[in-house]
Protein chains: 2
Amino acid sequence: MNITIEDIRNKLIEKGLKITPQRISILQAVYVLNNHPTADNIIEYIREAHSNIATGTVYKVLDTLVENQLIRKVKTDRDIMRYDGIMEKHHHLYCSTCDLIEDYIDEELDNILSEYL
Amino acid sequence: MNITIEDIRNKLIEKGLKITPQRISILQAVYVLNNHPTADNIIEYIREAHSNIATGTVYKVLDTLVENQLIRKVKTDRDIMRYDGIMEKHHHLYCSTCDLIEDYIDEELDNILSEYL
DNA sequence: TATTAAAAAAGAATAATTCTCATTTAAGAA
DNA sequence: TTCTTAAATGAGAATTATTCTTTTTTAATA
């Protein structure tokens, strides 16, 4: 979770994406708001930090980041899309009552599955 | 897939639900439109069969059916909810490009998973 | 057949997301 | 450094799946 602005810039550069303050803020927000934030969580977080941002931009940038495999979409029972900055293979434990998502990493399970399939 | 109206009535009765033409049509539509239909698919199908139905009713009935475990909600990459009338344990193979969902039944896999967890 | 709680109709309201288009900006070229 | 331009952003309207509200209808029981 110790990701610097420089790390974020590099991630964007690796993908051949233009470096913009909006993209940096949004990617940083996904990392900081670590419980699988919604677009709205991200907008709120960025606006608190005194920079304005258009909602359309947030959705656009999130799509770009998903396309470039810097983040992932996470769907839940509610019809709000959520985002995940952790790209290493993992599962989610989801509580549909409180809408909480917990990361679940289990290499043994992954091995069993990949051997079987 | 040979489910009669009588079967559907019985399913509703088992759950203690009032028998209404709308509920019968909707449950039937979920069975007939077997590739995990959306609420809209169901509305279209029912209206083709010459009976009108309010969209609100379809959503309400679908919720009732889900609550009573007669059908299941299926989430995909798109933000449209889809419904599944097959209640036996199964997985889904999903193509995010064409949005097609295929049922995947594999008891051996299920056993491996339930033994592991 | 009468009663009544539940269900449905109709359509307005909501809210997440997308779209449009004018403006701005990042990044490479000169 | 300044210029150029394709790409990105801002602003807010538009879209669309879903929910909500209110009135009317109906299924099930007495």
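In the text below, chain A, chain B and the rest are named by the order of the sequence lines, each starting its count at 1. All values reported here derive from a predicted model rather than from experimental measurement.
- Between Asp99(A) and Arg82(A) there is a salt bridge, with a side-chain nitrogen of the basic residue lying less than 4.0 Å from a carboxylate oxygen of the acidic one.
- Residues Leu70(B) and Leu17(B) form a side-chain contact, since some pair of their non-hydrogen atoms from C-beta on lies under 4.5 Å apart.
- Note: Ile86(B) CD1 to Tyr31(B) OH = 9.5 Å, rounded to the nearest 0.5 Å.
- A single hydrophobic cluster is seen to contain both Leu62(A) and Leu33(A), as judged by linkage of ILVMFWY side chains at heavy-atom distances under 4.5 Å, directly or through other members.
- The nucleotide range of DNA chain D contacted by chain B, defined by atoms under 4.0 angstrom from heavy atoms of the protein and reported 5' to 3', is dA17(D) to dA28(D).
- Side-chain contact between Lys89(A) and Asp110(A) is present, with heavy atoms from C-beta onward closer than 4.5 Å.
- Across all strands, Asn52(B) comes closer than 4.0 Å only to sugar-phosphate atoms, never to a base (heavy-atom distances).
- Where DNA chain C meets chain A (any atom under 4.0 Å from a heavy atom), the bounding nucleotides read 5' to 3' are dA16(C) to dA27(C).
- Contact annotation: the side chain of Thr38(B) never approaches that of Tyr83(B) to less than 4.5 Å [non-hydrogen atoms, C-beta and beyond].
- Put simply, the side chain of Ile46(A) does not reach to within 4.5 Å of the side chain of Gln28(A), judged on heavy atoms.
- Of the two residues near DNA chain C, Ala39(A) and Lys18(A), the one whose nearest nucleotide lies more 5' is Ala39(A).
- Toward the 5' end of DNA chain D, the nearer of the two residues Arg23(A) and Thr38(B), judged by each one's closest nucleotide, is Arg23(A).
- Between Ile80(B) and Thr57(B), the residue anchored nearer the 5' end of DNA chain D, judged by the nucleotide with its closest heavy atom, is Ile80(B).
- Nucleic acid contact for Thr20(A): sugar-phosphate only, since backbone atoms but no base atoms lie under 4.0 Å from a heavy atom of the residue.
- The distance from atom CD1 of Ile13(B) to atom CD1 of Ile8(B), rounded to the nearest 0.5 Å, is 12.0 Å.
- Sequence order on DNA chain C of the closest nucleotides to Gly56(A) and Asp40(A) puts Asp40(A) first from the 5' end.
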